[in-house]
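Working notes, structure below.
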There are 4 protein chains.
Amino acid sequence: MLVDGGHPRRREPGIVTDVADRSGDKTRQVDRFDQRRAQLAMSALVTLSELGYARTSLREIAQNSEFSHGVLHYYFRNKAELITYCVKQYKAECVTRYDRMVETAETAEELKTAFGAATAATLRENARLHRLWYDLRNQSLFEKLFQAEVLAIDETLELMIWRVVSRYAELLGKPADFAPSTTYALFDGLFQQGLLKHLAGREDAARCLQDSVEQVLARLFTT
Amino acid sequence: MLVDGGHPRRREPGIVTDVADRSGDKTRQVDRFDQRRAQLAMSALVTLSELGYARTSLREIAQNSEFSHGVLHYYFRNKAELITYCVKQYKAECVTRYDRMVETAETAEELKTAFGAATAATLRENARLHRLWYDLRNQSLFEKLFQAEVLAIDETLELMIWRVVSRYAELLGKPADFAPSTTYALFDGLFQQGLLKHLAGREDAARCLQDSVEQVLARLFTT
Amino acid sequence: MLVDGGHPRRREPGIVTDVADRSGDKTRQVDRFDQRRAQLAMSALVTLSELGYARTSLREIAQNSEFSHGVLHYYFRNKAELITYCVKQYKAECVTRYDRMVETAETAEELKTAFGAATAATLRENARLHRLWYDLRNQSLFEKLFQAEVLAIDETLELMIWRVVSRYAELLGKPADFAPSTTYALFDGLFQQGLLKHLAGREDAARCLQDSVEQVLARLFTT
Amino acid sequence: MLVDGGHPRRREPGIVTDVADRSGDKTRQVDRFDQRRAQLAMSALVTLSELGYARTSLREIAQNSEFSHGVLHYYFRNKAELITYCVKQYKAECVTRYDRMVETAETAEELKTAFGAATAATLRENARLHRLWYDLRNQSLFEKLFQAEVLAIDETLELMIWRVVSRYAELLGKPADFAPSTTYALFDGLFQQGLLKHLAGREDAARCLQDSVEQVLARLFTT
DNA sequence: CATGAATGAGCCTTCATTCAT
DNA sequence: CATGAATGAAGGCTCATTCAT
């Protein structure tokens with residue numbers, strides 16, 4: 001658990017983000033506080049995804065942004081909190097994208113193809129951001145500090161995958177044979193290997209990933 | 001131009017430049033050099049697997065061993081070479097262990113059970129070392145330096161898994177439906193999720209892993 | 001690609017990006033940055049001129065000052081930048097001093113005497129600082145890094161000497177027979193030998209230098 | 001002064017080098033000791049002249065030679081003694097070469113041309129070795145340890161130059177107007193500037209040096 | 001609110017030197 | 001004689017964090 005170090009303005013963030021237009025001063029302040037955090041996180045993602053957690057200094061992040069060095073410490077307790085916030089923010093976006101896909105597809109075949117394509121696309125387009133996620137998850141293996149957050153994100157992803165698979169099952173008219181966690185593990189394994197190869201420069205990494213994702217998705221169900 | 005800055009280390013350790021099978025001085029010396037490296041690596045693994053690559057300093061490694069700080073630099077070009085050596089050494093052992101298992105099993109069912117059990121066992125017993133491997137693999141996403149070595153180790157592991165699956169196919173009398181790389185990715189995904197949960201303190205992580213490994217192995221083949 | 005590793009230092013110190021003549025914040029800040037640099041350089045010169053470039057550590061410099069070790073790294077990219085800055089700053093002063101001398105002298109004889117005296121005086125009084133300059137120039141023979149800066153300083157000195165000689169020629173009513181670079185080389189040779197002897201403890205080094213400088217200056221012109 | 005650190009075999013070198021074939025064991029041993037030193041020094045010159053004193057480690061020297069690292073410490077008290085020995089050995093050769101030139105020339109004009117040519121030639125061909133000499137001389141400004149040796153070498157060079165100039169005077173039938181030390185300082189200044197420019201890549205450095213050397217030589221005498 | 005100056009612990013690496021063999 | 005393993009001090013540099021303004 002994080003201990004509040006007594007920062008004058010620090011508060012548990014995220015509490016009021018959904019309330020748009022309240023007139024209380026306090027509320028507005030909190031809103032601005034969170035807006036600032038989001039803004040900083042967005043900016044930090046550039047550097048962070050480029051260099052990874054361990055190799056990124058807060059100074060570097062500041063330099064590659066329009067913000068000062070000190071402001072990062074003002075809005076985030078420390079580096080750990082910053083990266084967690086960043087990744088969480090990014091992963092939330094990801095989930096949304098997949099969910100739209102699920103809603104759009106009308107046949108099992110269509111969903112399977114869309115899923116494979118989306119996976120390959122994000123591998124190609126967001127390789128760096130995914131790599132940052134894996135970096136954070138890896139950190140969590142060593143620093144208890146990250147564990148809770150990472151586990152939470154991972155669960156979100158597991159659910160996302162599960163929504164895809166459930167929907168596929170529904171369209172197919174068969175129940176899936178694997179547990180959500182197992183299912184997620186399988187696709188995550190595929191994706192990570194794909195990322196490894198993609199970043200190693202293998203041109204066909206994304207295509208291969210697409211194929212294997214489709215193949216595996218189909219095989220989750222007894223023929 | 002002068003080369004290499006004059007580090008005392010032998011350039012290609014382990015390769016005996018003389019006649020291969022002689023009890024001469026050279027050979028013995030090279031052996032001692034390599035023995036020392038192995039010894040240091042073994043010692044380093046303790047600290048390394050405890051803290052991870054980025055958080056471990058060579059000083060700390062030395063402190064946790066009976067050697068001086070300088071000796072690490074004497075035997076390894078740098079931190080990167082040390083960790084690579086360590087992980088490679090450890091993973092080579094792993095592979096051997098799995099291969100023995102493959103040779104021992106006499107029926108498909110037996111192999112499947114043995115595979116699941118071995119996976120679960122190593123998750124329980126060597127969690128830290130596995131975590132170190134994933135740490136290194138993760139580094140390689142950011143530092144080209146590690147890439148080649150990591151890819152090589154990964155390939156070794158893929159082959160190891162493939163030997164298991166091939167043997168299973170043989171005993172089963174059916175060909176596997178998945179490519180070696182896909183197969184490896186799946187089991188690796190399972191294992192990594194298992195590790196994540198195990199290190200997060202979930203008591204059932206190993207057991208769940210065992211089950212899902214067996215389930216997935218069976219499902220690699222068309223019923 | 002990300003640039004520069006995020007060092008806090010301003011990229012082009014001393015160049016006010018805004019309007020030149022304003023009392024605004026930016027300007028004042030830049031000034032303070034440069035003031036600090038100058039202050040640190042001044043402080044560093046003590047240690048540096050005592051021990052020379054290679055034998056001086058930044059830690060030592062810091063210890064002999066009122067600043068912390070880290071502050072040196074904050075204001076200078078690295079050791080090389082620091083020493084270059086120091087020497088450049090010092091040499092600029094030197095040049096000013098000589099130039100004043102040139103302006104003051106009213107006859108050729110007077111200038112010759114003043115030149116000899118000034119040379120001898122600075123040998124006596126600033127031996128250590130001159131030795132530091134030669135040290136830096138010597139480094140530049142091995143490290144390309146310093147080359148440009150050293151060449152630039154050397155050129156400044158050449159011009160300075162040339163201003164003396166030109167003025168002498170003017171007062172004498174004769175043109176000098178030697179090229180500026182040759183002229184500089186001659187006086188530099190004299191000075192360096194003088195320094196060598198002075199630092200070796202020869203009491204008459206400065207006096208000898210004074211004599212030979214005057215003798216050579218006269219001989220630059222056809223009788 | 002160097003203190004004998006009690007090395008079992010160390011003795012003041014050079015004592016018996018001129019006696020070629022004596023039968024005493026001791027003598028032969030000393031001879032071999034010195035031969036070894038010369039051999040090591042020759043080998044060390046390569047690395048030393050490439051990197052300079054401060055940047056060269058004994059390890060590097062050993063690596064770039066056929067000798068072991070330890071042997072350097074066996075034959076030389078320390079790095080300082082090694083470099084001094086090296087440079088002294090090299091400079092002795094230089095002197096010989098110039099002296100041959102003096103003997104060969106038959107007219108003043110011829111000698112002047114030969115001197116200019118020889119200076120330019122050695123600038124071109126032995127730039128690195130000269131740079132090493134200047135490096136050592138520079139060290140001596142900071143380390144008293146080197147002072148005596150450097151002063152001795154410098155004196156040798158001064159005498160060498162003086163032999164050239166004396167001979168020139170003789171052939172010319174006029175006495176030189178400058179003292180030996182001044183004369184040496186002038187040519188040394190020219191040479192050092194030439195070296196600076198040559199190593200900075202200026203193609204015409206040697207040619208310019210040749211011209212100015214001849215010009216200055218002529219101007220040493222009243223017309 | 002925001003800045004960026006300043007700190008000092010800590011890291012990787014280099015190296016002269018010692019010494020057992 | 002010669003080797004090269006081992007040491008440990010020292011150096012340049014990075015960085016999260018603190019804090020005065």
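Numbered from 1 within each chain, the chains take letters A, B, ... in sequence-line order.
Atom-to-atom, OH of D/Tyr53 to P of E/dT14 comes out at 19 Å; the value is rounded to the nearest Å. Here the P atom of nucleotide E/dA16 and the OH atom of B/Tyr74 are 14 Å apart, to the nearest Å. Distance, C/Phe67 CZ to E/dG8 P: 13 Å, rounded to whole Å. Rounded to an integer number of Å, the gap from D/Glu60 CD to E/dT13 P is 17 Å. The NE2 atom of A/His69 sits 7 Å away from the C1' atom of F/dA16 (whole-angstrom rounding). Rounding to whole angstrom units, CD1 of residue A/Ile61 and C1' of E/dT3 are separated by 17 Å.
Of all nucleotides present, none satisfies the Watson-Crick or G-U wobble test against E/dC1 with each distance under 3.5 Å. For F/dA6, the paired nucleotide is E/dT17, the pair qualifying as Watson-Crick or G-U wobble because both relevant distances are below 3.5 Å. In this entry E/dC12 has F/dG11 as its Watson-Crick or G-U wobble partner, both defining distances falling under 3.5 Å.
Comparing F/dC15, F/dA6, E/dA5 against the side chain of B/Val71 picks out F/dA6 as the nearest. Candidate nucleotides F/dG4, F/dA16, F/dG12 were compared by shortest atom distance to the side chain of C/Leu58, and F/dG12 ranks first. The side chain of A/Tyr75 approaches E/dC1 more closely than any other nucleotide in the set E/dC1, E/dA5, E/dA16.
From D/Thr84, atom OG1 reaches atom CD of D/Gln139 across 10.0 Å, with rounding to the nearest 0.5 Å. Annotation: the span from B/Ile61 atom CD1 to B/Leu51 atom CG amounts to 9.0 Å, rounded to 0.5 Å.
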Test D/Arg55 against C/Glu143 for salt bridge (Lys or Arg N to Asp or Glu O under 4.0 Å), laying out the working first. CA-CA 10 Å; D/Arg55 284 157 294 277; C/Glu143 291 191 24; 3.6 Å; yes
Could you go through the side chain to side chain contact (heavy atoms under 4.5 Å, CB included) check for C/Phe142 and D/Asp135 one step at a time? CA-CA 9 Å; C/Phe142 294 94; D/Asp135 193 22; 3.7 Å; yes
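Checking the phosphate oxygens (OP1, OP2) of F/dT14, no side-chain nitrogen or oxygen of A/Ser57 falls inside 4.0 Å.
Of all heavy-atom pairs between A/Tyr85 and A/Ala41, the closest is CD2-CB, 3.4 Å.
Remark: the C/Arg59 side chain and the E/dG10 base include a donor-acceptor N/O pair separated by less than 3.5 Å. At a cut-off of 3.5 angstrom, the base of F/dC19 holds no donor-acceptor pair with the side chain of A/His73.
A/Arg36 comes within 4.0 angstrom of sugar-phosphate atoms only, judged by non-hydrogen atoms across all strands, and of no base.
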